[in-house]
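Let me begin by presenting the structure, written as structure tokens, before commenting on it.
Position 1 is the first residue of the sequence, and the numbers go up from there.
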Amino acid sequence: MKTNSHVSLALIGLTFFIFLGFNSPAQLTWEKYEGNPVIEGMQGEWNESVFSPVVIFDEDIFKMWYMGFDGGWGNSTIWQIFYAESPDGINWNMEDYPDPVIPAGEPGSM
């Protein structure tokens, strides 16, 4: 059975999110930050638009995986999963991680 790559990536992301939620030893208290959004896509890149972040705090670093795409909508939309780090949860380093950690496959691949 063939599926679209963005559906496959969404399922992988959901599985990852569920795994982290059930295996997290502690929860942080989150406060709304007035300077939102704290992360924006990189213009003209594969992660021009960003969605669905998942953040963990590990070894004094905030680590985030998020879905990004090139801004195109419709059948040509290609979603990929990217990674970023932050020392404080506000200032995110995306530039050191420009490539997707889970890239889109060829059309029709799983």
**Study point:** Listed partners of Asp88 passing side-chain contact (heavy atoms from CB on, under 4.5 Å), at least two apart
**Key:** Ser86, Ile90, Asn91
Donor-acceptor pairs under 3.5 angstrom involving side-chain atoms of residues 56-64: please list them, not counting sequence neighbours.
from: Asp58; atom 1: OD2; to: Lys63; atom 2: NZ; distance (Å): 3.0

Check your understanding: Do you know which of Phe82, Trp65, Trp79 makes ring-ring contact (aromatic ring centres under 6.0 Å, His included) with Phe51?
Key -> Trp79
Practice item. Starting at CG of Asn93, measure out to OH of Tyr83 and round the result to the nearest 0.5 Å. Key: 9.5 Å
Point to revise | Nearest heavy-atom neighbours spanning Gln80 and Pro103 | key: OE1-CA, 3.3 Å
